[in-house]
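All ligand and atom numbering here is 1-based and tracks the order in the structure. Position 1 is the first residue of the sequence, and the numbers go up from there.
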Amino acid sequence: MGTAEAKAAETPVAVSEPGRDSLTITDQRTGRTYEVPIRNGTIRATDLRQIKTDPDDFGLMSYDPAFLNTACCTSRITYIDGEKGILRYRGYPIEELAENCTYLEVAYLLLYGELPNAKQHAEWVHNITWHTMIHESLKKVMDTFNYDAHPMGMLIATVAAMSTFYPDARNVHDKATRTKQTYRLIAKMPTLAAFAYRHSLGMPYVYPDNDLSYTENFLNMLFKMPAARGYRPDPTLVKALDVLFILHADHEQNCGTSVMRSIGSAHADPYSAVAGAAAALYGPLHGGANEEVLRMLQEIGSVSRVPAFIEEVKQGKGEKRLMGFGHRVYKNFDPRATIIKRMAERVFEVTGRNPLLDIALELERIALQDDYFVKRKLYPNVDFYSGLIYQAIGIPTAAFTVLFAIPRTSGWIAQWEELLEDPEEKIARPRQVYLGSGERHFVPMEKR
Ligand code: ACO
């Protein structure tokens, strides 16, 4: 018997003791029993490695494609209870933050763990406002894109390009340097996003205006006409956009954020990591869904065609999806969707009712009664109504995901900061289960 085997065989068999924080595992291949500790409702996957059939065995691994049941980190930023529809940032319910805060206050909360007092808030707003301009050469990078380039493609490329303008960003272990990149990223994302939009229209860029709030400034950069004086966005629309920014600011370990952490774990600079996270967000199953919802509503075209569309989705058996429905975590309702739906009404009082709203409401009504959707716990998610508001504000469909990426930047950076300060931090490196051929030998081309 090898040493590892002998050690495993010596592991005492756990006596069943209620209240003990451990898991007893019996390996039926060998008949051996192991006890692994349970902490915070988890076992450590590496504790499984002691479970071997013989000393040469690599040891047991867990197999979890798409991370359905694997926690990759501990975090103190965002809490979600998917069954109860709860979302909290640093302990505060999302509903209270959306009601009472500005996006910049929430960004500060995510990053520093507490809501800012008046002095901290003034400094924070000043620091962000100070960094809203982008380098003129970066503007030239923007100019090189085709007129019909997707705004997300332009945003991803220009955020990545920022790392070449701020080489100090590579110094990720220096807290002061990190803080500076944090200001730059949060401040410059709206500028890049607005420039991408203006470029797609062939319109001159509008530079940031430091007298405006974060959200007002963004709308100003999007819509101000150089010849027209005194553009002031409607306060209801400013508030609506600010609330949307709060709702999108963080969502714990989703696809984009886990990419941020993965790239960050290799100690890449934050611009490269944010570009990677934004690329994940671009996908139609993730942040790209808000764009797809609008396209879907336009394709349906009228309330009378909703039942036929629902039928197509059901017959498509996963091939065709009801975009803006379903969530990996929320299995009851998405609290962000509830807030957005309420806010849509206020926005439409200013802009006029978006005719697509009736189609959306009918889709929701039918889907929530239909066995197919009920059984699979598919409910409207954050993207179902957000696009209708963006459209009412005058933002073109292709730019919707960009509006998601702007506020999510604060969440990405908060998660990246937490990762770099985590004593357990290591480069992310998942394992695989190899099912390919065993060793075989080269065959020259003429003999294949
Ligand atoms: N429409 C129709 N059927 C759906 C939908 C949908 N929107 N979402 C899931 N299903 C079905 C699947 O076909 C599957 O059915 P089956 O059990 O018969 O095979 C079942 O529900 C479970 O679906 P999964 O894909 O396993 O669920 P998962 O948790 O992996 O996916 C996701 C979650 C990607 C959000 C999915 O619900 C989806 O594609 N929704 C539409 C896209 C969307 O709105 N994405 C935005 C999510 S929010 C965000 O990322 C910001």
Show which atoms of ligand 1 fall inside a sub-4.0 Å distance from at least one heavy-atom site of [X].
X	result
Phe404	51 (C)
Val313	2 (C)
Asp383	46 (C), 48 (S), 49 (C), 51 (C)

Is there a polar contact, in the sense of an N or O pair closer than 3.5 Å, between [X] and ligand 1?
X	answer
Gly324	yes
Arg336	no
Leu285	yes
Arg328	yes
Leu322	yes
Phe325	yes

Which value, rounded to the nearest 0.5 Å, describes the distance between [X] atom [atom1] and [Y] atom [atom2]?
X	Y	atom1	atom2	value
Lys84	Asn332	NZ	CG	10.5 Å
Lys224	Leu222	NZ	CG	13.5 Å
Thr158	His199	OG1	NE2	11.0 Å
Leu244	Thr215	CG	OG1	10.0 Å
Leu138	Phe195	CG	CZ	9.0 Å
Thr351	Leu388	OG1	CG	10.0 Å

Structural part of [X] in contact with ligand 1, heavy atom criterion under 4.0 angstrom:
X	result
Asn381	side chain
Tyr372	side chain
Arg376	side chain
Leu378	side chain

Judged by heavy atoms only, the candidate from Ala289, Gly316, Gly287 nearest atom 43 (C) of ligand 1 is Ala289
Next on the checklist: Looking at non-hydrogen atoms alone, which of His286, Lys314, Arg321 comes nearest to atom 31 (O) of ligand 1?
Outcome noted: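 It is Arg321 whose heavy atom sits nearest to atom 31 (O) of ligand 1.
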*Charged N to carboxylate O below 4.0 Å: is that the case for Lys314 and Asp370?*
yes
Original post:
Is Glu312 salt-bridged to Lys320, cutoff N-O under 4.0 Å?
Top reply: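 Yes, this pair counts.
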*Quick one: are the ring centres of Tyr379 and Phe325 less than 6.0 Å apart?*
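Aromatic pair excluded; centres sit 6.0 Å or further apart.
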- Residue that, paired with Asp168, satisfies salt bridge (Lys or Arg N to Asp or Glu O under 4.0 Å) out of Arg178, Lys180, Arg184: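 Single salt bridge (Lys or Arg N to Asp or Glu O under 4.0 Å) partner of Asp168 among Arg178, Lys180, Arg184: Arg184.
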